[in-house]
Amino acid sequence: MEENTKYALHMNPEGQSPPGKPFIFKCRSPEKETFTCWWRPGADGGLPTNYTLTYHKEGETITHECPDYKTGGPNSCYFSKKHTSIWTIYIITVNATNQMGSSVSDPRYVDVTYIVEPDPPVNLTLEVKHPEDRKPYLWVKWLPPTLVDVRSGWLTLQYEIRLKPEKAAEWETHFAGQQTQFKILSLYPGQKYLVQVRCKPDHGFWSVWSPESSIQIPNDFTMKDITVWIFVAVLSTIICLIMVWAVALKGYSMVTCIFPPVPGPKIKGFDTHLLEKGKSEELLSAFGCQDFPPTADCEDLLVEFLEVDDSEDQQLMPAHSKEHSGPGMKPTDLDPDNDSGRGSCDSPSLLSEKCEEPQANPSTFHTPEVIEQPEKPKANVTHTWDPQTISLVGKMPYLSVNGSKSSTWPLLQPGQHNTNSPYHNIADMCKLATSLDKIDKDALQSSKTTEAAGEEKATKQREVESSHSKAEQDTGWLLPKEKPPFISPKPLDYVEIHKVNKDGALSLLLKQKENGDQTGKAGTPETSKEYAKVSRVMDNNILVLVQDPGAQNVALFEESTKEAPPSPSQNQAEKDLSSFSTAPSDCRLQQGGLDYLDPACFMHSLH
Amino acid sequence: MDSKWSRRTGSLLLLLVSNLLLCKSTASLPICPSGAVNCQVSLRDLFDRAVILSHHIHKLSSEMFNEFDKRYTQGRGFITKAINSCHTSSLSTPEDKEQAQQIHHEDLLNMVLRVLPSWNDPLYHLVTEVRGMQEAPDAILSKAIEIEEQNRRLLEGMEKIVGQVHPGIKENEIYSVWSGLPSLQMADEDARLFAFYNLLHCLRRDSHKIDNYLKLLKCRIIYDSNC
């Protein structure tokens, strides 16, 4: 800078000045055996300028001048092999001299080791190969630059190629390593490709890209392929159209075929809305209560049932069906044990069964129950009010009422077969059901073993029975046959429930006649003796009823045990009706539960 | 219990197999007398490994030098002072390709074996001193550590190669002694920086030399000058 200023100051009147300072801007070795340096001259100062390059090497003191100014072009200096030392620093300066003065460039420190930049590879050849049964590929080959000595290992070159379709904007570059060939597989047929290659020494700079080589990729798709694809396309289109048409035509049916509607749960004739409203009458009527159970069938069945019962010896042993082993868990299945007596219609399960399929031996169903019940003391009482019986189907609470052990429904005695027993009147049952609907059902469930409950149950039982009596003239109680010994040839009398008072008191009437036919249910209370009052309790298990025409007392029924009663009671039947007493073993007063007075006991005591 | 035992046996088997494989690979590098035909393969593997190591060492050295220069000494003209200041310059090594090709490969190998151990000491101290530098640059330190380790491995490999190519050679004890440690520990920051600069500069150069020599030797010995 100072020199420039100095020379500038020394400009002569012609405007000439010493040359400006040259600048060595690049030194390069193409093969690490020679190198060239180029400088940029400064202002020439209007006069012809002579440039000289001088250098000296590391570890030497001798200054050399550039051996070759020509080879590298203007303003260059070419160092041949003789003058090139590797792993040595060259300190190079350029002198610019003209008539007026000279200037020296800044020294440049050059180590040939780190300025290696080879020429691009040569002989780039492209070839499209068509191997059999494989896709065609482009095979690119080249040779290393001529000057570079790779064979001796003096330089190790790595290559890189790039290609693109002629019209494309971006190059696709691939690193080729130390190999001098490369395969390109991803080609667009029918395109003209341009390819270039360059190289780099192991510790140097990349060369410039070689000149472009071009090649035309032949069109790979034969007519045959196109035909196949066209055919496939047309076929798939046709199939799609067909499917669309089919769906359009039978859309809904197909949908239902694939996704069939799931039917909701439904009970035939059962209206859930009615259930929600709580109108059980309508609900029951929806069931077809007038037909429930189907009168014609059921009655016949019941009748048959009764007949079988009568005809058969009452020594029928209990058929230990599974039903007896455990209480029916199905809500529709009343505890068979609770199904006392012969009234098959008592049990809704039986009813349903009977209505659907007549049972072969209903007697076996009932009789064993009756027999079995004595084996189950109080516990059985609870069966009476099995809450499961209070279920939807058990909307016939009267049926649960029947759960009493023994004498819920008196058994028909032989010879006293009464087909017109009101118990077997389905209509009556329905009415019973409706009437009992008003009864507190909770009380039914909760009060199982309490005496009060027993009273209620008794009340209900009486209601049931009274309704029966009201409904029908014939209110013949069928005496339950507890055990074969009970079967006596002599006719038994019935204790008839005359009526049910308002508060639920049952009044008993001794039936004068054997057949139990009595008309005018409410008409002859005065004439007949009405036993509605309990005078006393005997032996802790015997109720003594007394006549009480006007009395409306709650009468506890005696629930007879299932023991084999001794025979002698028959003579007591002759006694005054005012007091009953049966063999203690026969009848026991059951605490709690539904206590029924076993007319058999009465009869025995009476006669 | 059984699953544990089976697992152990399985892992043991795996270990055995892997050991066998490893042994097989290392068995390819036994020291065998020169001239033995089946030793050529192992020599190739030795040279290949040596070239890979030397190439890697130089690459790291070059990067380390450039980073150091860019960070600490850029534009300060330290190069002007680093003329003829490498401790290994006293070792007469070929300066161009013709000289290198004229030297017998055994001599060339000896030269390599002279240069390499000359760097054991400097590299060790380089690592120590770079670690102790204020704001020790991690990049430079990690490279220095790796170079030191690779240099040791390369030396071992070269000794094996010499044992194959030129067995019976006397143990080479000629190497350059490095005395630049006090310079690295100077209190003067500039002087210290220059000491580092000089050391890294010389390391870059010598690692390139060794790499070049080994590649020459490999092409000459293994590929008969037809790489």
Side-chain angles (χ1 to χ4, degrees), chain A residues 27 29-35 55-63 79-93 106-116 118 143-144 147-159 177-180 199-205, chain B residues 47 51-52 54-63 65-66 69 77-86 88-102 105 108 115 201-202 204-227:
Chain A
C27 289
S29 167
E31 75 285 84
K32 206 161 75 177
E33 296 172 47
T34 67
F35 72 105
Y55 68 92
H56 70 274
K57 292 197 310 191
E58 178 185 3
E60 289 179 0
T61 53
I62 305 166
T63 305
F79 295 82
S80 62
K81 285 183 188 179
K82 196 166 74 170
H83 298 98
T84 306
S85 298
I86 317 298
W87 306 296
T88 310
I89 294 179
Y90 282 71
I91 298 102
I92 303 170
T93 53
D106 291 329
R108 186 172 173 99
Y109 294 82
V110 177
D111 193 333
V112 179
T113 316
Y114 312 119
I115 59 165
V116 181
L143 288 177
L147 296 175
V148 174
D149 183 6
V150 187
R151 296 168 77 99
S152 66
W154 184 244
L155 270 184
T156 307
L157 290 178
Q158 292 175 326
Y159 303 96
Q178 293 179 19
Q179 59 194 15
T180 56
C199 61
K200 172 185 176 292
D202 42 355
H203 301 292
F205 301 97
Chain B
F47 263 109
V51 163
I52 288 169
S54 64
H55 182 98
H56 187 54
I57 288 168
H58 174 68
K59 190 159 163 251
L60 287 173
S61 304
S62 190
E63 287 170 7
F65 173 81
N66 288 330
D69 188 33
F78 279 2
I79 189 65
T80 60
K81 291 189 278 181
I83 302 295
N84 204 27
S85 60
C86 291
T88 52
S89 54
S90 60
L91 300 170
S92 59
T93 55
E95 295 289 303
D96 60 21
K97 185 178 103 175
E98 284 76 16
Q99 289 180 23
Q101 283 181 327
Q102 282 164 11
H105 62 269
L108 201 55
V115 173
H201 161 78
C202 292
R204 175 166 79 144
R205 172 188 289 178
D206 282 353
S207 60
H208 189 278
K209 250 191 213 176
I210 289 164
D211 183 43
N212 220 149
Y213 295 164
L214 287 178
K215 282 169 182 167
L216 278 172
L217 284 169
K218 176 182 143 185
C219 283
R220 199 197 295 183
I221 295 173
I222 308 296
Y223 297 96
D224 199 18
S225 297
N226 196 13
C227 273

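Computed from heavy atoms alone, side chains included, the values below leave out hydrogens, waters and symmetry copies. First the proteins, then the strands, lettered A, B, ... as listed; each starts at 1.
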- Task: Mind listing the closest non-hydrogen atom pair of A:His203 and B:Lys59 along with its distance?
- Result: CE1-N, 4.3 Å

- Using salt bridge (Lys or Arg N to Asp or Glu O under 4.0 Å) as the criterion, list what pairs up with B:Lys215, not counting sequence neighbours. A:Asp202, B:Asp211

- Full working for salt bridge (charged side-chain N to carboxylate O under 4.0 Å, His left out) between A:Glu58 and B:Arg205: CA-CA 13 Å; A:Glu58 178 185 3; B:Arg205 172 188 289 178; 2.7 Å; yes

- Nearest heavy-atom contact between A:Val150 and B:Cys227 is O-CB, 3.5 Å

- side-chain contact (heavy atoms from CB on, under 4.5 Å) evaluation trace for A:Leu155 with B:Lys97: CA-CA 10 Å; A:Leu155 270 184; B:Lys97 185 178 103 175; over 6 Å; no

- Query: Among A:Glu33, A:Lys81, A:Arg151, A:Gln178, which residue forms the greatest number of heavy-atom pairs with chain B at distances under 4.5 Å?
  - Reply: A:Arg151

- Note on the structure: salt bridge (Lys or Arg N to Asp or Glu O under 4.0 Å) filter on B:Asp69, not counting sequence neighbours, yields none

- For B:Cys219 and A:Ser152 the tightest heavy-atom approach is CB-O, 3.4 Å

- Item | Straight-line distance of B:Ile83 CD1 to A:His56 NE2, nearest 0.5 Å | 6.5 Å

- Message: Does any part of the side chain of B:Gln99, heavy atoms only, come nearer than 4.5 Å to the side chain of A:Ile86, both counted from C-beta?
- Response: no

- Task: Might you point out which heavy atoms bring A:Trp154 and B:Ala100 nearest each other, and give the distance in Å?
- Result: CZ3-CB, 4.3 Å

- Which region of B:Tyr213, side chain (C-beta onward) or backbone (N, CA, C, O), has a non-hydrogen atom less than 4.5 Å from a non-hydrogen atom of chain A, or is it both or neither? side chain

- Does the cation-pi check pass for B:Arg204 over A:Tyr114, that is, NZ or CZ under 6.0 Å from the six-membered ring centre and within 45° of its axis? yes

- For the candidates B:Asp206, B:Asn212, B:Asp96, B:Asn84, which exhibits the highest count of non-hydrogen atom pairs separated by less than 4.5 Å from chain A? B:Asn212

- Query: Which distance, rounded to the nearest 0.5 Å, do you find between the CG of A:Asp111 and the NE2 of B:His208?
  - Reply: 8.5 Å

- Region of B:Gln101 in contact with chain A, defined by heavy-atom distances below 4.5 Å: side chain

- Task: Measure distances from B:Thr80 to the heavy atoms of chain A and classify the residue's part below 4.5 Å as side chain, backbone, both or neither.
- Result: both

